[in-house]
Amino acid sequence: MSRRVWLPFKDLAEAERRLGGIPDGLEVDCFPGDGEWPDSIAEVEFYVLSKAPKEAFSRASEMKSLKIAQILYAGYEGVLPHVPAGVTLCNGGGIHDTATSEMAIALALANGRHLDEFARNQAEGLWRGRMGVGLADQRVLILGYGRIGAAIERRLAGFEVASVTRVARRARTEPVVRPVDRLPDLLPEADIVFVIAPLTPETEGLIDAAALKLLPDNALVVNIARGRLIDTDALVAETSTGRIRAALDVTDPEPLPSDHPLWRIPGVTVVPHVGGASTAGEPRADRFLAAQLRRFAAGEELENMING
């Protein structure tokens with residue numbers, strides 16, 4: 001018997017082209033997020049979300065056969081509260097490792113080498129050079145050493161950094177990963193901190209005023225995770241003095257209001273949550289989803305199960 005899946009493509013032809021075909025045993029409805037909901041709402045078992053979570057599950061009571069909800073991004077904290085009981089949520093961990101780790105390196109280089117300032121000078125035709133801070137010889141700390149953290153470390157390999165310290169919730173070996181409760185001991189020895197930890201009740205506000213004060217002068221904090229991992233008021237206070245710098249793909253609040261001081265503090269670089277928005281995303285999402293559907297059709301365990 002065929003099993004019903006909803007995919008976020010405009011039509012079946014696009015789904016087959018991008019996924020390299022549909023596995024046997026699956027019947028597809030395409031639901032790109034706009035237009036009418038498919039008539040098969042009572043039959044869908046595997047649902048790839050194409051709307052914001054609250055809206056995506058606004059008709060959950062009609063999804064009587066739903067077993068799997070799939071998102072194509074890593075962060076799931078805003079999705080999980082809306083997932084109906086008995087439904088397994090799978091995230092897109094791994095899809096955006098390449099794009100996000102590239103952005104992490106780009107932010108560190110752009111901030112340290114003043115590329116944002118030089119871009120503003122270009123608009124006025126100003127030839128005004130200044131000394132910058134590169135990645136070479138810097139002591140790096142990666143806070144949240146998962147897949148993206150490891151991808152950042154791989155990309156650092158060619159930049160001659162002095163050291164890389166890995167931090168995660170629990171200590172690990174091969175490679176050595178320090179537990180997060182050691183952070184107060186580790187921050188004073190970090191010239192660059194890449195923040196890529198998941199947002200949980202335990203990590204919200206993890207980088208607070210006390211943590212920021214532990215950083216050495218001219219240290220750089222690069223946040224490519226979630227804005228709420230860092231205490232925004234504390235970050236404003238510490239960067240406003242010029243003692244440390246920040247490069248932010250994510251902020252709290254988000255979007256960042258146009259009158260927020262972070263926009264105008266020298267030494268702070270802000271980009272609008274575009275870490276995963278690159279040409280690397282779509283082909284990796286397609287490959288992941290194709291493999292996930294093959295596992296589902298074969299009755300195999302799925303990748304990236306968050307609950308259930």
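Numbering starts at 1 and runs along the sequence shown.
F57 and V44 end up in the same hydrophobic cluster when Ile, Leu, Val, Met, Phe, Trp and Tyr side chains are linked at under 4.5 Å. Transitive grouping of hydrophobic side chains (ILVMFWY, heavy atoms separated by less than 4.5 Å) brings V222 and F159 into a common cluster. Residue V164 is grouped with residue M103 when hydrophobic side chains (ILVMFWY) are merged at heavy-atom distances under 4.5 angstrom, including chains of intermediate members. Hydrophobic clustering (side-chain heavy atoms under 4.5 Å, transitive across Ile, Leu, Val, Met, Phe, Trp, Tyr) keeps L229 apart from Y145. L293 is not connected to L49 by any chain of hydrophobic side-chain contacts under 4.5 Å among Ile, Leu, Val, Met, Phe, Trp and Tyr, and they are in different clusters.
Residues I41 and D39 form no side-chain contact, since every pair of their non-hydrogen atoms from C-beta on lies 4.5 Å or further apart. Contact annotation: the side chain of L19 approaches that of L7 to within less than 4.5 Å [non-hydrogen atoms, C-beta and beyond]. Counting only heavy atoms from C-beta outward, the side chains of R139 and I192 never approach each other to under 4.5 Å. Between F9 and S50, the closest side-chain pair of non-hydrogen atoms is not below 4.5 Å. Counting heavy atoms from C-beta outward, F288 and N304 have side chains that approach closer than 4.5 Å. At least one side-chain heavy atom of V79 sits under 4.5 Å from a side-chain heavy atom of Y73. Within the 4.5 Å cutoff, side-chain heavy atoms of F194 are placed close to those of L156. L212 has its side chain within reach of V221: a pair of non-hydrogen atoms, C-beta onward, lies under 4.5 Å apart.
For residues 158-174, the set of pairs meeting the side chain to side chain donor-acceptor pair (under 3.5 Å) definition, not counting sequence neighbours, comprises E153-R166.
The backbone N or O of I244 lies less than 3.5 Å from no partner atom in the side chain of T239, so there is not a single donor-acceptor pair. A donor-acceptor pair under 3.5 Å links the side-chain atoms of R245 to the main chain of N218, judged by distance alone. At distances below 3.5 Å, at least one donor-acceptor pair connects side-chain atoms of H96 with backbone N or O atoms of L72. Between the side chain of E254 and the backbone N or O of T251, at least one donor-acceptor pair lies under 3.5 Å. Checking side-chain atoms of T100 against main-chain N and O of D97 turns up no donor-acceptor pair under 3.5 Å. N111 contributes a side-chain N or O that, together with a main-chain N or O of A246, makes up a donor-acceptor pair within less than 3.5 Å. Proximity of a side-chain donor or acceptor of T232 to a complementary backbone N or O of D252 within less than 3.5 Å is detected. Without hydrogens or angle criteria, D249 side chain to V274 main chain gives a donor-acceptor distance under 3.5 Å.
Nearest approach of Q138 to D191, heavy atoms of both residues: OE1-CB, 3.3 Å. Shortest non-hydrogen contact noted between W263 and P257 is NE1-O, 2.8 Å. Closest non-hydrogen pair, A56 versus Y47, comes out as O-OH, 3.0 Å. The two atoms that bring R243 and L215 nearest to each other are NH1-O, 2.7 Å, heavy atoms only. Taking all atoms of both residues into account, the shortest heavy-atom contact from T279 to P283 is O-CD, 3.2 Å. Scanning all heavy atoms of the two residues, the minimum distance from A190 to L141 falls at CB-CB, 3.9 Å.
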- Task: For side-chain contact (heavy atoms from CB on, under 4.5 Å), just list the numbers for I207 and L143, CA-CA rounded to whole Å, side-chain angles, deciding distance to a tenth of an Å, and then say yes or no.
- Result: CA-CA 10 Å; I207 305 299; L143 176 56; 3.7 Å; yes

- Query: Is there a salt bridge (charged side-chain N to carboxylate O under 4.0 Å, His left out) between R18 and E14 once you walk through the steps?
  - Reply: CA-CA 6 Å; R18 288 180 51 176; E14 182 189 15; 3.1 Å; yes

- Message: Set out, in order, the CA-CA distance, both residues' side-chain angles and the distance that settles side-chain contact (heavy atoms from CB on, under 4.5 Å) for R113 and F118, then state yes or no.
- Response: CA-CA 9 Å; R113 300 302 299 270; F118 297 151; 5.7 Å; no

- Any chance you could lay out the side-chain contact (heavy atoms from CB on, under 4.5 Å) test for E117 and R130, step after step, and finish with the verdict? CA-CA 10 Å; E117 179 182 329; R130 59 181 295 202; 2.7 Å; yes

- salt bridge (charged side-chain N to carboxylate O under 4.0 Å, His left out) between E43 and K64: does it pass, once the steps are laid out? CA-CA 7 Å; E43 303 164 18; K64 301 182 185 303; over 6 Å; no

- Apply salt bridge (charged side-chain N to carboxylate O under 4.0 Å, His left out) to E45 and R4, showing your working. CA-CA 6 Å; E45 296 184 44; R4 183 72 58 173; over 6 Å; no

- Task: Go through the steps to decide whether V250 and I230 satisfy the test side-chain contact (heavy atoms from CB on, under 4.5 Å), and finish with yes or no.
- Result: CA-CA 10 Å; V250 291; I230 299 179; over 6 Å; no

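The line from CG of N307 to SG of C90 is 8.0 Å long, rounded to the nearest 0.5 Å. Taken to the nearest 0.5 Å, the CZ atom of F46 stands 10.0 Å off from the CZ atom of R3. The line from CD of E36 to CG of D34 is 10.5 Å long, rounded to the nearest 0.5 Å. Interatomic distance, L256 CG to H273 NE2, rounded to the nearest 0.5 Å: 13.0 Å. Taken to the nearest 0.5 Å, the OG1 atom of T88 stands 8.0 Å off from the CG atom of L302. Residue E62 holds its CD atom at 8.0 Å from CH2 of W37, rounded to the nearest 0.5 Å.
Enclosure of atom CG in D185 by more than 12 non-hydrogen atoms of other residues, nucleotides or ligands within 6.0 angstrom is indicated. Environment of OH in Y76: sparse, with no more than 12 heavy atoms of neighbouring residues, nucleotides or ligands closer than 6.0 Å. More than 12 heavy-atom neighbours from other residues, nucleotides or ligands sit within 6.0 angstrom of CG on D259. The neighbour count for E300 CD, taken as heavy atoms of other residues, nucleotides or ligands under 6.0 Å away, is above 12. Residue-environment remark: NZ (K213) stays at or below the threshold of 12 foreign heavy atoms within 6.0 Å. Sparse packing is recorded around CZ of R128, with 12 or fewer heavy atoms of other residues, nucleotides or ligands lying under 6.0 Å away.
Side-chain atoms of Q292 and Q70 form a donor-acceptor pair, as typed in the model, at a separation below 3.5 Å. In this model, a donor atom of one side chain and an acceptor atom of the other lie less than 3.5 Å apart for S40 and W6.
Remark: of the listed residues V268, D208, L248, N223, L248 is the sole one forming a side chain to side chain contact (heavy atoms under 4.5 Å, CB included) with L235.
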